[in-house]
Amino acid sequence: MAKIMAKKKILVTGGAGYIGSHACVELTQAGYEMVVVDNLSNSKTQSLVRVEQITGKPVTFYQADIRDKAALTDIFVKEAIDTVIHFAGLKAVGESCAKPQLYYHNNVYGTLVLTEVMAAAGVKQLVFSSSATVYGESTCPQYSEDFPLGPINPYGRSKTMIEDILRDLSRADAINQVQTPWKIALLRYFNPIGAHASGLIGEDPNGIPNNLMPYIAQVAVGKLKQVSVFGNDYPTPDGTGIRDYIHVVDLVKGHIKAIEILDSDAFAAGACKPYNLGTGRGYSVLEMIQAFERVTGRTVNYQIVGRRAGDLAECFANPDLAFKELGWKAEKNLDDMVADTWNWQSNNPQGYE
Ligand code: NAD
Ligand code: WQD
C-alpha cells in the first residue's frame, strides 16, 4: 500500500518581503504548512494579508528579529519546523557601503543565531537566499557555480561570509560524525523581477528604487520622471548593461524544488551546495525599457548618464546545475515578467500603502 507522506512545515524567515511573500503563496498552494518570521524592517504585514487573500488560508506570523535568540527559540518550541527557507536580510548595495556594520550584524550575525537555534532544535535542512553578487568579475559573462567568488561590496561580502559559515557547519558535522548532518542549498539568485499574476503582491521598495525594473515601473506609472540609464559605452551590442532577469514566481518554485530534494536521498547528508537560479539569457537596459513600452503601451522616458560604480557589463547564469540536480528551470519569458510587474504597479501605484 502506498504510504501517504504528510507535507512538511517550513519556517520562512523574511516571509513578508518581496520574494518571501511569493514563496508563501507557492508553498501554501503546494500543500506545505508554513510559519513566517519577519521583523518588518523592509516590509509590511499587508503583504501577508494579500497572501491570505490569494491562497484562502491563514498565515502563521511571528513579528521577530532573527537576531533575537529567545524569540526564535520560542518559535521552534511552539512549531514543529522541518525545514527553513532563509530570506531575511538587508539587500541594498549602496546602504551596505554606508552602513557595513548594520549589514554584517543583520545578515551574518542573524544567520549565525538562526543556525544555532536550528541546530539546538535538531532542524538541519536549510535553503539560503544567496546572490549572483557573490561572484567575482570574470572574462566569461555566463556564471557557473564553480566560478571564483569575489564580491565587491559589504552586502555581497555578507552573502559570501554566510556561504562560508554554512559550508563550515557542514564540514564540522562530518568531523564530529553527527547522526543528522546539515543539508544546505545555497540559491544564488540573478535579477528577480515580476509579481504574482493576481497583481496583489509585488515589489514595494522603500523610497526611490535602486533596481532597474521597479524604477522603470515607477516611471511608467508617473511616480518618477525618467530612468537614468547607467552607461551606454559597455562592450555589449547596444552599449548598455546586460543582466539575467528572472520571474519571482519561477524563482520561488526553485525553492520548492530545493526543499523537496533536501528532504530526499538525492541530496547527500552533510552537503552544502550552491545553485544558480537564473534563466540563462541576458537582456540589456535598453531592451528592458523597449519591452516595457511594447507590453504596456506606456512611454518610458530615459536619459543616458554615466556608469554606476561597481556595475559589470554583462552577467547571466548558467542554470544547468539547478536543472540537473533540482529538476528546475525558469518557465516565464520577458513579456510575462513585464506584464506581471505592470499589473502589480498599475493596481498598486503606492505599493502596499
Ligand atoms: P525584502 O527586503 O523584500 O525581504 C527581506 C525581508 O526580510 C523583509 O521583509 C525584512 O523585513 C526581513 N528582515 C530583514 N532583516 C531581518 C531580521 N534581522 N529579522 C527578521 N526579518 C528581517 O528582500 P527580497 O528582495 O525579498 O530578498 C529576500 C532575500 O533574497 C534577501 O536575503 C536578499 O538578500 C536575497 N536576494 C534578493 C535579490 C533581489 O534582487 N531582490 C537578489 C539576490 C538575493
Ligand atoms: C540592472 C542593470 C544597471 C538602475 C543588484 C544587486 C545585486 C542583486 C540584484 C541582491 C544594470 C542598470 C539600474 C537604474 C540603470 N541584489 N540600471 N538604471 O546591479 O544587476 O544587481 O540587484 O542580491 O546584488 O547589485 O541590478 O536592477 O540595479 O541593475 O541603468 O536606475 O540596470 O547599471 O546594468 P544589479 P539592477
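For this chain, numbers begin at 1 and follow the sequence in order. Counting convention: from 1, in listed order, for ligands and their atoms alike. These values consider heavy atoms only, across backbone and side chains, with no hydrogens, waters or symmetry-generated copies.
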Query raised in the report: With atoms numbered from 1 as shown, which atoms in ligand 2 lie under 4.0 angstrom from a non-hydrogen atom of Val229?
Result: 30 (O)

Report task. For atom 1 (C) of ligand 2, grab the closest protein heavy atom and report residue, atom and distance to one decimal in Å. Result -> Tyr245 OH, 3.4 Å

Report task. For Ser41, counting its heavy atoms only, list the atoms of ligand 1 lying under 4.0 Å from any of them. Result -> 10 (C), 11 (O), 13 (N), 14 (C), 15 (N)

Requested in this report: Please state which part of Ala132 comes within less than 4.0 Å of ligand 1, counting heavy atoms only: side chain, backbone, both or neither.
Outcome: neither

Requested in this report: Say whether Pro192 and ligand 1 are in contact under the criterion: heavy-atom distance to a ligand atom below 4.0 Å.
Outcome: yes

Query raised in the report: Of the choices Ile304, Thr236, Asn211, Leu312, which has the non-hydrogen atom that lies closest to atom 5 (C) of ligand 2?
Result: Asn211

Query raised in the report: In the protein, which heavy atom is nearest to atom 33 (C) of ligand 1, and how far is it?
Result: Tyr155 OH, 3.6 Å

Query raised in the report: Any idea which of Ser130, Pro205, Ser129, Gly156 brings a heavy atom closest to atom 44 (C) of ligand 1?
Result: Ser130

Query - Nearest-option assignment for atom 30 (O) of ligand 1, heavy atoms, candidates Tyr245, Phe190, Tyr189 - result: Tyr189

Query raised in the report: For atom 8 (C) of ligand 2, what is the nearest protein heavy atom, given as residue, atom name and distance?
Result: Ser131 OG, 4.2 Å

Requested in this report: Examine Trp182 together with Phe267 and report whether their ring centres are nearer than 6.0 Å.
Outcome: no

Query - More than 12 heavy atoms from other groups under 6.0 Å of NZ on Lys99 - result: no

Query raised in the report: Where does the angle between the aromatic ring planes of His22 and Tyr18 fall among parallel (under 30°), tilted (30 to 60°) and perpendicular (over 60°)?
Result: perpendicular

Query raised in the report: Can you tell which of Asn191, Ile19, Val285, Thr240 gets a heavy atom nearest to atom 35 (P) of ligand 2?
Result: Asn191

**Report entry** Ile66, portion touching ligand 1 at heavy-atom distance under 4.0 Å
**Finding:** both

Query - Salt-bridge criterion met for Lys69 and Glu116 (N-O under 4.0 Å) - result: yes

Query raised in the report: Considering Ser47, Gly14, Ser158, Gly17, which one's heavy-atom position lies nearest to atom 7 (O) of ligand 1?
Result: Gly14

**Report entry** Backbone or side-chain N or O of Asn211 under 3.5 Å from ligand 1 N or O
**Finding:** no

**Report entry** Nearest non-hydrogen protein atom, atom 4 (C) of ligand 2
**Finding:** Phe230 CE1, 3.5 Å

Query raised in the report: Among all protein non-hydrogen atoms, which one is nearest to atom 19 (O) of ligand 2, and what is the separation to 0.1 Å?
Result: Arg308 NH2, 2.8 Å

Report summary line: Quick look: Thr13 vs ligand 1, heavy-atom contacts under 4.0 Å, and the answer is neither

Query - Interatomic distance, Leu27 atom CG to Lys8 atom NZ [nearest 0.5 angstrom] - result: 14.0 Å

Requested in this report: Report the member of Val93, Leu72, Asp38 with the shortest heavy-atom distance to atom 10 (C) of ligand 1.
Outcome: Asp38

Report task. Inspect the contact between Lys159 and Glu163 and indicate whether a charged nitrogen and a carboxylate oxygen are less than 4.0 angstrom apart. Result -> no

Query - Residue and atom name of the nearest protein heavy atom (relative to atom 37 (C) of ligand 1), distance in Å to one decimal - result: Ile19 CD1, 3.8 Å

Query - Nearest neighbour of atom 27 (O) of ligand 2 from the list Asn153, Leu212, Val134, on a heavy-atom basis - result: Leu212

Report task. Starting at CZ of Phe128, measure out to CD1 of Ile165 and round the result to the nearest 0.5 Å. Result -> 9.0 Å

Query raised in the report: Under 4.0 angstrom from ligand 2, any heavy atom of Tyr234?
Result: no

Requested in this report: Could you establish whether Tyr155 and ligand 2 come within less than 4.0 Å of each other, counting only heavy atoms on the residue side?
Outcome: yes

Query raised in the report: So, are Glu79 and Lys9 salt-bridged, with charged N and O less than 4.0 Å apart?
Result: yes

Report task. Give the intermediate values and the outcome of salt bridge (Lys or Arg N to Asp or Glu O under 4.0 Å) for residues Glu325 and Lys273. Result -> CA-CA 10 Å; Glu325 295 194 2; Lys273 294 192 72 173; 2.8 Å; yes

Report summary line: For atom 33 (O) of ligand 2, the closest protein heavy atom turns out to be Asp311 OD2, 2.5 Å

**Report entry** Nearest-neighbour protein heavy atom for atom 25 (O) of ligand 2, which is reported as residue plus atom name and distance
**Finding:** Val93 CG2, 3.5 Å

Query - Contact (N/O only, under 3.5 Å) between Phe87 and ligand 1 - result: yes

Requested in this report: Just need the protein heavy atom nearest to atom 18 (N) of ligand 2, so name the residue and atom and give the distance.
Outcome: Ser228 O, 2.7 Å

Query raised in the report: Would Asp311 and Arg307 pass as an ion pair if we require N to O under 4.0 Å?
Result: no

Query - Aromatic Tyr245 / basic Arg243 pairing, under 6.0 angstrom, 45° off normal - result: no

Query - Sub-4.0 Å heavy-atom contact, Arg243 with ligand 2 - result: yes

Query raised in the report: Going by heavy atoms, is Lys159 under 4.0 Å from ligand 1?
Result: yes

